[in-house]
2 protein chains.
Amino acid sequence: MSIKEQIMKTLKHEILTLTLKPGTILSETVLSERFQISRTPLRDVLKQLSLESYIDIYPKKGNLVSFIDLESVEQIIYLRSVLEKEIMKYLSAHLVLKGVHELKEILDRQKAAIHEVDATEQFLNLDDAFHAALFRLAGREFLWNLIQQSNVHYVRYRRLHMLRQEKLEEILTEHQRILEYMTRQETDKLDALIHHHLREDINSLYLQENFSDYIKV
Amino acid sequence: MSIKEQIMKTLKHEILTLTLKPGTILSETVLSERFQISRTPLRDVLKQLSLESYIDIYPKKGNLVSFIDLESVEQIIYLRSVLEKEIMKYLSAHLVLKGVHELKEILDRQKAAIHEVDATEQFLNLDDAFHAALFRLAGREFLWNLIQQSNVHYVRYRRLHMLRQEKLEEILTEHQRILEYMTRQETDKLDALIHHHLREDINSLYLQENFSDYIKV
DNA sequence: ACCACAAATCTTGTATACAAGTTTTGAGTA
DNA sequence: TACTCAAAACTTGTATACAAGATTTGTGGT
């Protein structure tokens with residue numbers, strides 16, 4: 001992996017985990033000192049981060065870690081729920097046994113993760129792994145990757161929501177029911193479940209009340 | 001509009017209209033002479049074009065206009081057909097009168113465009129305008145813009161298909177029927193129509209036979 | 001104390017010299 | 001003629017000096 005890719009991976013990770021808080025200034029000179037590299041390749045990295053909405057570039061002023069855009073979150077959730085409904089319907093008819101085992105294994109690991117010390121971190125990774133597997137098994141990995149490129153706001157939104165422990169149990173249960181309905185080919189029940197699974201919290205005011213300084217106005 | 005934005009717009013247009021054919025070399029020095037600007041801002045433009053799949057950058061070798069990736073075309077068509085089915089269903093229930101007029105006007109202009117000298121060009125723009133209006137009227141402009149960012153392969157694919165005059169009449173007719181079913185709230189007929197409207201030609205071998213040197217292997 | 005305004009100090013944007021890798025060229029040799 | 005292999009001519013990648021704009025600071029005047 002090239003140095004630029006490493007730097008980008010590092011910065012993306014710090015932004016997604018909110019180690020770098022929304023609004024933080026990312027100065028080219030400061031970063032070039034931190035990573036011991038000149039401004040030119042760093043500018044390449046910042047350009048790409050900007051195109052993927054990780055940061056906002058204000059010409060001749062500076063670069064800020066972007067604030068969480070709830071409009072983007074709502075639109076991505078809608079996109080995913082529409083797509084995943086269709087994908088589940090497809091998988092109900094075409095899912096192979098090997099795929100079922102793969103999904104079950106992810107759920108087992110997720111169950112085990114709940115009571116680990118870094119529960120949230122592990123849980124989020126496995127949540128992504130579950131949904132990514134569904135896309136991949138349906139031959140739609142391309143679209144999963146497409147969505148991932150516009151995911152900064154959604155990922156951070158979800159992370160803040162999951163700080164509440166009780167959410168983890170709820171999500172695991174829903175995952176298990178999704179797999180259940182799919183294998184039993186109860187497609188009619190899937191729609192409502194997916195809708196709830198992805199969409200439930202978007203209208204709650206939890207974020208606005210507790211993390212208002214992270215949110216785009 | 002900044003100089004960089006102008007250059008980007010120019011290059012994008014030339015690539016999408018196939019003025020710059022897939023495989024064409026875009027050398028930094030040649031472009032910097034053409035646009036009378038140094039390599040640095042040009043590299044910014046090329047970086048962005050690469051992230052949006054307009055070009056492929058081979059480090060230390062060169063930059064090529066990307067070949068048309070049929071896998072990407074199929075995935076985008078699937079994405080659009082799934083999304084647009086849902087959007088039509090929504091609009092059947094919520095479309096306001098003003099929206100109907102707006103869509104009708106686009107179709108009138110499209111009808112008039114068929115026999116113009118630059119029919120294909122005008123027709124494609126109005127085709128986009130029609131579908132964009134549907135997204136916008138459903139409050140999903142965000143997703144339309146998201147799709148547009150991954151559209152290089154699909155746009156060029158469609159352009160080559162539309163070289164056949166008879167396609168234009170067919171598309172216009174389907175647009176008219178879409179609007180018709182929507183206003184009559186015949187949602188059951190919409191699914192199949194959208195599917196056909198977007199998906200029809202993907203399995204034909206027309207492109208592979210006539211433009212094999214534009215296609216990614 | 002407060003205001004105005006200019007200068008200093010930040011920021012990113014651009015041009016350019018040089019580094020490093022790849023491809024092409026062509027001379028020398030069998 | 002055909003082949004080898006090194007040198008030259010390309011390509012993009014990086015570092016850096018300087019340009020240009022935005023912000024902050026601080027000083028002089030009231």
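Residue numbers begin at 1 in each chain, while the letters A, B, ... track the order of the sequences.
The distance between atom CD1 of A:I3 and atom P of C:dA19, rounded to the nearest whole Å, is 17 Å.
Ion pairing of A:E71 with A:K216 is absent here, as no side-chain N (NZ or NE/NH1/NH2) approaches a carboxylate O to less than 4.0 Å.
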For this session: For each nucleotide in nucleotides 11-17 of chain C, reading 5' to 3', give B when a protein heavy atom comes within less than 4.0 Å of its base, S when such contact involves only the sugar-phosphate, and - otherwise.
Result: BBBBBBB
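The backbone N or O of A:Q6 sits less than 3.5 Å from a side-chain atom of A:T10, completing a donor-acceptor pair.
Here the closest non-hydrogen pair linking B:S50 and B:I57 is CB-CD1, 3.6 Å.
Annotation: ring pair (Phe, Tyr, Trp, His ring centres under 6.0 Å) contacts of A:Y90 (sequence neighbours excluded): A:H94.
Because its NZ or CZ atom is both nearer than 6.0 Å to the ring centre of B:Y78 and within 45° of the ring axis, A:R140 counts as a cation-pi partner of that residue.
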